[in-house]
Structures are given as C-alpha cells and as structure tokens.
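In listed order, ligands and their atoms are each counted from 1.
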Amino acid sequence: MKQNNGQTPNNENLRVVIRVRPPMAREIRDGKFISTVQVAPDNLQLCIFDYHAIELVPDEDLEQYVSNPSNYTLHQFTFDYVYDQDSTQEQVYNTTAALSVDSTLQGYNSTIIAYGQTGTGKTYTMHGFSFNPNSDQLGIIPRSLHNIFNHIQMKSNSSTTFMVRASYLQIYNENINDLLRDSPTLNIREDKKRGVFVENLSEWAVRGPAEIYQLMRKGNAKRVTASTRMNDTSSRSHAVFIITVEQIEEKVEGKSAKVGKLNLVDLAGSERVRVTGATGQRLEESKKINQSLSALGNVIAALTENRGAKPHIPYRDSKITRLLEDSLGGNCKTTFMAMISPAIDAFGESLSTLKFANRAKTIKNTPIVNQDGDQGALLRKYQLEIQKLKQELEERSKQPLENLVNELEKEKQKALEDKQEAQSAYEQRSNDLFKETELRKQLEEKISALNSQMLVGGQKIEETPQFQSALEKQQRLIRQQYQEKLTELEKERQSIEEDKAQTDKYKQLLLKQRDIMIALTNRLNDRDETILQLQEELDVYEKLQKENEDQLHLKQIRLEQFEEIFLEHKIEIPLMLQNQKQNNKEKVVDIQNDLQIQKLESIPVQTLHTNQQVQSDALISYELKNQIEINKQLQFDMKLTRIELEKSKNEIEQLKKKQNQEQTTLIENARKSVDRILEQLTSEQSEQNLGNVAKELNQLQRMLKQGLQPIRNHVKGQYSFSKSTSDSPNKIVLINKQNDQMAKSTGQLVKLMQMKPQPKQNQSPVQSSKLKQKQKSVEDLWGQI
Ligand code: ADP
Ligand code: MG
C-alpha cells in the first residue's frame, strides 16, 4: 500500500477536498459497478485500487478478481475532507464552500477551484444545473449568493451598507471573454491596489436571488460547451464566477470599508485525447485546455518545491494561472476541490487528480483583510451620489407651489381645448363621409332608373356600345372621384387618430399631475401641522414670559414697600436705588418689546425646520430659563435682605439698651462722686481733703461733660448718622455700625435692582464653575436686553 499523506492537512488558508461522483448509467455493466475508490468513514482518507490488467479479465470473472488483494495495489491519501458518492450538494456547501463565503464577508479574497477530469462533476458542484431556488441540486454559486443575501438581511438593522456585484468570464482557447456582456477579448492587468484583474470586465450589482439566476442563465448560455464522448455537455472552457462584496460600516470613530472577493472557478476538464477521441477543432481545444492545466500543475509544483528564497513561479504561462495568481500562493484563502470518477475506466485520471490535489496541499497562502481606505470606493461613490441626489430633490421640492399649480392648470386647459377641437373635427369628417355616400347612392339609383327606361334600336340603351363606353367613362370618373375622396378621408382619419393620441397623452399627463397635486397637498397639510405645533410651543413660551413679568412686577411692588419703610424711618433713599428702580421699569418694557420681536421672528416662513428657527427657539427657551433663574435668585435675595434688616433692627435695639445701661451707670457714678464730695466737705477739713475734693470735682465735671449730651439725645430719641467730634466713643461705634448696616442694606438693594444672581460661597468647584457660566450667559443676555 502506498501512503500519500505527506503532511497533516491543517492549513486554513489552503484547503484541499475531494468529491467522488456516483457512477453513471454507462459505467454500470449488467446492473453491477466495480468502484476503484473507497472513502474512509472519517471523511478524511481515501483509497484508490490499482487493479492489474483488469481490462483483460472477462466480465463474469470481475467480481472475484477484484476481491483478491494480490490483483491490486492500494494508494491511500489524506485530505481536508473527502466526499463520497452519496454526498449531497448541501453537505458540500455547508462543510466546505460556506467557509469561503464567510471569509469573503470578513473582507478576504477567497477562491474555490473545481479541478478534475471531464464528466466528474465540476460544473454540477459549482452550478448545479438548476435555477430553482428551492432545488436541492443547487450548486455552490447560487448557494453562496443566497448565503450572502441572508447575511445582509440579518445585518439590515445595523449601520453596515453592503454592495454585491457579480462578474462571469470564461477562458476559451486562451482568450478571455465576458460572459455577461458582448465584448472583444479581454486582457489581464495588475496594479498595486487591485492586484491581478481583468480589464473592462463587466460587474453587475445583484440585489436578490432572482438576479443571480438571471446572470447565471445568461452566462451559461454563452459559455462554450461541446459534446465529447465522455460528457455530453462537456465544458470546453475555464469559467470564473466572481462575487465582490463591499461593505461600509459606520462606527463612532468613523467609516470603515471592507472588500471581499469570492472567485468560483470551474475548470475545463482534463482529458486524455486518446480516451475522448477528439479530432480537428476539438483536438486543438483539448491541447489548449491540457496546456493550461499543465501550466497550473507547474505553478503548483514551483510553489510546493523548495527552490530557494524566491523561486520563479510561472504564472504567466497561461491565462488561468495568471488570473489565479493571488489564489495560488498569494493574498487569498483557497479551496481546491478535486472531482474524481470511481469508474475503472477513469482510474488513470483519478489517480493523477489525487496526486495533483495531494501536492496542492502544501501551497502557502497569506491572505489579509482588504480594509484599505480606497477599497469600497464604488459603494462610497454611490453613497455620495445618493446624498447629492437627495439634496437636489430637496431643492426641487422647495420650488414655489403656486408656479407648479399654475403650470398644471394651464396644461390641463390646453389639453381640454385640444380634445374638443379633435372631437369636432372628427364629427365634421364623419358628416362629410355620410353625405358623400348618400350622393353616390342617389347617382347610382338615377343611372339604373334611366337604364331601365331607355331602348335603342330594339336594344336596351345600356346594351349599345356608345352607352357602354359613356357608362364606363362615367364610372371611371366616379371611381376616381370616389378614390380621391377616400384618400382625403383617410388623411382626415389619420389626423383625427393623431389628435386622439395627443389627447390621450394629455390625459395621462393630467393624471400624473393630479398625483403630484395630491402629494403637494399632503405636504402642505404636513406644513400646517408643523406650524400649529410651533404656535403651541410659542404660546407656552408666552405664558412663561407672562409669569416672569408678574414676578418682576411683584419685585417692583416690594421695592416700593422698601421705599416706604425707608421714608418711614426717615432714611434718605440713595439716588442709585431710585435709578435702579427706573431701570427695572424700563427692563420690563424692554422684555416685553423683545418678546414681541421674538414672537414675530419665530413664526416660520417655511415649514421645513431651518437651523435658524431651531436656534431661535432654543434661544427663547434659554432666555426664559434664565429669567426664571434670575427671579428665583431675586426672591432669595429679597428674603436675605429682609433677614438682614431684621437683624439690623435687633442690633439697634440692643445698642439702645446698652447705651441706656451705660448712661444709668454714668448717672450712678456721678451721684456717687457727689456723695463723696459732700462727705469730704462735711468731714474734718484738711489740706488733703480739699485736694481730694478738687480732684473729685474735676472728675465729675469731665464725666458730666462727656455723658450729658448722649443722655439728652437718648431722652429725645434722636439719631444722627453724621459723625461728630463730641460724640462719645460708644455712640461713634453705634453710628458706625448703623451706617455699615445701612450701607450693607443699600448694597443689597442695589444688588437686587441689578438682578444678577451671585454665586454662593459654600458651593463646590463644579457647581460654582457652572454658576459662573450661567452668570456669564445671564450677563450677556442682560447686555442684549
Ligand atoms: P464536469 O463539469 O466535471 O465535466 P459535470 O458537472 O458536467 O462534469 O457532470 C457530469 C455529469 O455527472 C452530469 O450529468 C452531472 O449531473 C453528473 N454528476 C456529477 N457529479 C454528480 C454528483 N455528485 N451527483 C449526481 N450526479 C453527478
Ligand atoms: Mg463542466
């Protein structure tokens, strides 16, 4: 037994699978079939039996002959998958082709190459000879496209846009032809971005399964096939079906494009001329096919033999190897599918196919995802185009409605007039025709009446030659006139027909225009609805503004109350406070005016929301929010002021009390001092005593001088805010305190009048920065007002 599993197949970039087709009717003799192939249950190994001189064994001895191991040599191979003769199209797709389709959807180049002798099932595996989407006979090409469309449908809710295109070409006698379009022979080109490609090959956007079958039918009909002895519809050309999937995904960080390509290659069959019996043109074709297949063999040999660092690979020896350059040792995930027949007749071909496939296992491919920014260019171009067209449509829809309506009305009027004209012309012609027929009838009756009455020389007058010739002349004349009339009428009829056609055209036009009118009316209704909505929003804003004004008004009243309090306490109202009050009034008027202007500006001219409108709405709502904020702050500040005033009052009361106490103490001290003087005076007189009395008197005098004035003032209940040099230190402190308090209150009020919310001390940095921002915008707004 010969083992050919040189290495464990584990190369996901290059997979090799074998499919054994079932025996054909002509290969079964007397209901019996001797197979040369046996597939292992694990679907990884396969044995092929080389029966010695089996062609010499009579049919009846065959069964016994093949069961004797001494009559055969066994060759064993290992591959990525081996499909036996019972395998279905679905199994082949799911376990092999689906992997290539997945790679394509991930943005790789993938290729599936069907290789094998003619009649082994390459076309069956690739195409499947069925155009019915539900058929289990469908081959890899239609199943791949179905799979791609299913994938796209699953992703229909995501932000990925897809574009699927298909091309189909054949290489016949080393000439490349487009199978989907009539074109001259095409050439292979290579560039850095696209790699190897066929120049001017048509690409067809495919949007659904129906379009796949249409393209396959079209291409297959063009593909050159001819009948050979081995396979009745043998393919004489290599066919390559190319599916390109472009996808653009919109992510947060931007758009990313991927382009995956799936090449599905159905090679022409390798065949031995001797077996097929080809002659003439067929022989030439066979030679070309075999040449290109041996070129493929050479490329694989060069790729797999270890010939130094950079061996020469003869890709350029044939069109197919040049075209598959990327698939063979390049940027591609490739699957070789080698088809074999289990028949004894095909043993030689089957063995060489298996050897070829076994060799291909060692090819090394290095695929990469095609994610270049330039990739997906077509899809991107289409997206830009769509955007442009949308803009154009938008521009067009902005055209004034009246113009369109007027134009439609005019065209309608004209169509009606034309119709009426055509109808009356038709009626006129019909009348003329009727009259003419009547006249002719009368004439004929007259002639026959005359004829029946006249006789010439025993003969009826109509039998005389003179009459005959006169009659003929007359008849010719009438016929001629009749013919002329007929021609004229025919012309009239044609012109009426034309008019009628024109009328129909107008009618169609009118119907179309009516549809446009309906669509436009719908759009107008939509606009009205938008205007109503905006009006509602405006009303809400107005209401808020009204509330604001009320708040302001309230503040104004409060201010006036303060004024009264000031007056009541006979405190001079600072000029600044009065100015602020006036300003406040003016601001109310300004806000009202401003609102009026905003109201006018916010009424939309167009129903479509323009950016300015959105901005103006936002500005109004922003301003309103700020107003509310200001008013809240205002209320808060008012409260603060009230508390402050309350506090001041208390302090004044306390100071009053303290002063009373001090004055009482002073009086008490004075009284004590007088007592002491009296005591000194009533006791024994001495120099010392007199000195003490004089001291005591001096002290009393100073005390009284300092203390009597405030007592008098206090008794009268009069306060002055001006500092006097004669004031006692306590009184100065009191007055200073009162003045400070007043200044504080006045400042508070001025602040209130300015109506600018102040940041609170204990706010967090984030809050205060927010507040600063807010304050700034409020300041800006105030600047505007
Ligand atoms: P090739 O393209 O290799 O020349 P075809 O695909 O034309 O061969 O197949 C030859 C014939 O064999 C066709 O009639 C096809 O239906 C049949 N055939 C090939 N493979 C199978 C299979 N796996 N199951 C059933 N019939 C097959
Ligand atoms: Mg074929």
Side-chain angles (χ1 to χ4, degrees), residues 17-28 33 35-37 39 43 46 81-97 112-132 135-143 168-173 179 216-217 219-241 264-273 275-278 282 285-286 288-290 292-293 296 320 336-343 345-346 348-350 352-354 356-357:
V17 304
I18 308 292
R19 187 176 193 187
V20 184
R21 76 145 161 75
M24 284 180 176
R26 64 176 160 80
E27 292 164 343
I28 301 169
F33 176 75
S35 175
T36 58
V37 182
V39 178
N43 286 101
L46 162 147
Y81 209 102
V82 183
Y83 297 96
D84 65 18
Q85 60 182 55
D86 299 322
S87 62
T88 62
Q89 295 282 70
E90 193 184 3
Q91 279 167 355
V92 173
Y93 180 81
N94 287 344
T95 44
T96 296
I112 302 176
I113 302 172
Y115 178 90
Q117 187 191 1
T118 299
T120 48
K122 298 182 295 295
T123 308
Y124 174 77
T125 303
M126 283 307 199
H127 292 260
F129 305 123
S130 171
F131 296 112
N132 177 1
S135 166
D136 56 3
Q137 295 295 299
L138 287 184
I140 288 173
I141 296 176
R143 281 174 199 269
Y168 198 10
L169 64 88
Q170 74 166 2
I171 305 175
Y172 173 66
N173 274 348
L179 285 176
M216 278 174 65
R217 252 191 222 113
N220 288 350
K222 257 189 120 185
R223 193 176 174 192
V224 177
T225 56
S227 173
T228 65
R229 221 188 267 173
M230 301 204 80
N231 178 1
D232 289 344
T233 54
S234 165
S235 322
R236 310 294 297 168
S237 63
H238 307 299
V240 186
F241 199 97
L264 300 162
V265 187
D266 178 13
L267 293 175
S270 58
E271 58 199 40
R272 283 170 298 164
V273 177
V275 179
T276 56
R282 292 280 156 269
E285 281 174 8
S286 287
K288 283 268 167 33
I289 292 168
N290 286 345
S292 63
L293 289 172
L296 180 63
I320 190 72
F336 259 103
M337 295 191 88
M339 318 293 166
I340 55 168
S341 155
D345 279 356
E349 280 291 345
S350 299
S352 72
T353 299
L354 289 171
F356 181 87

Those atoms of ligand 1 less than 4.0 Å from some heavy atom in Arg19: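 Counting atoms of ligand 1 from 1, those under 4.0 Å from Arg19 are 23 (N).
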For Gln117, atoms of ligand 1 separated by under 4.0 Å from a heavy atom: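 Once the distances to Gln117 are compared, the set is 3 (O).
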Verify, without hydrogens or angle tests, whether [X] (side chain) and [Y] (backbone) share a donor-acceptor contact under 3.5 angstrom.
X: Arg223; Y: Ser237; value: yes
X: Ser35; Y: Val37; value: yes
X: His127; Y: Gly139; value: no
X: Gln89; Y: Asp136; value: no
X: Lys122; Y: Gln117; value: yes

Gln85 and ligand 1 - part of the residue with a heavy-atom distance under 4.0 Å: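 It is neither; nothing of Gln85 touches ligand 1.
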Within reach of ligand 1, part of Met24 (heavy-atom separation under 4.0 Å):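 For Met24, the contact with ligand 1 is made by the side chain alone.
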Just distances here: any N/O of [X] and N/O of ligand 1 closer than 3.5 Å?
X: Ser87; answer: no
X: Thr118; answer: no
X: Lys122; answer: yes
X: Asp266; answer: no

Steps toward side-chain contact (heavy atoms from CB on, under 4.5 Å) verdict (Glu27, Asp345): CA-CA 8 Å; Glu27 292 164 343; Asp345 279 356; 5.7 Å; no
Whether Tyr115 and Phe356 hold their rings parallel, tilted or perpendicular, with breakpoints at 30° and 60°: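 Judged by the thresholds at 30° and 60°, the geometry between Tyr115 and Phe356 is parallel.
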Among [options], whose heavy atom sits nearest [atom]?
atom: atom 8 (O) of ligand 1; options: Ala268, Pro23, Pro22, Gly121; value: Gly121
atom: atom 15 (C) of ligand 1; options: Tyr115, Phe129, Tyr83; value: Phe129
atom: atom 4 (O) of ligand 1; options: Gly139, Gly119, Gly269; value: Gly119

Whether Thr123 has an N, O or S atom under 2.8 Å from the Mg ion (ligand 2):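 Yes, since at least one N, O or S atom of Thr123 sits under 2.8 Å from the Mg ion (ligand 2).
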Thr88, Thr125, Asn43, Thr96 screened by side chain to side chain donor-acceptor pair (under 3.5 Å) with Tyr83, the one that passes: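 So the option named by the test is Thr96.
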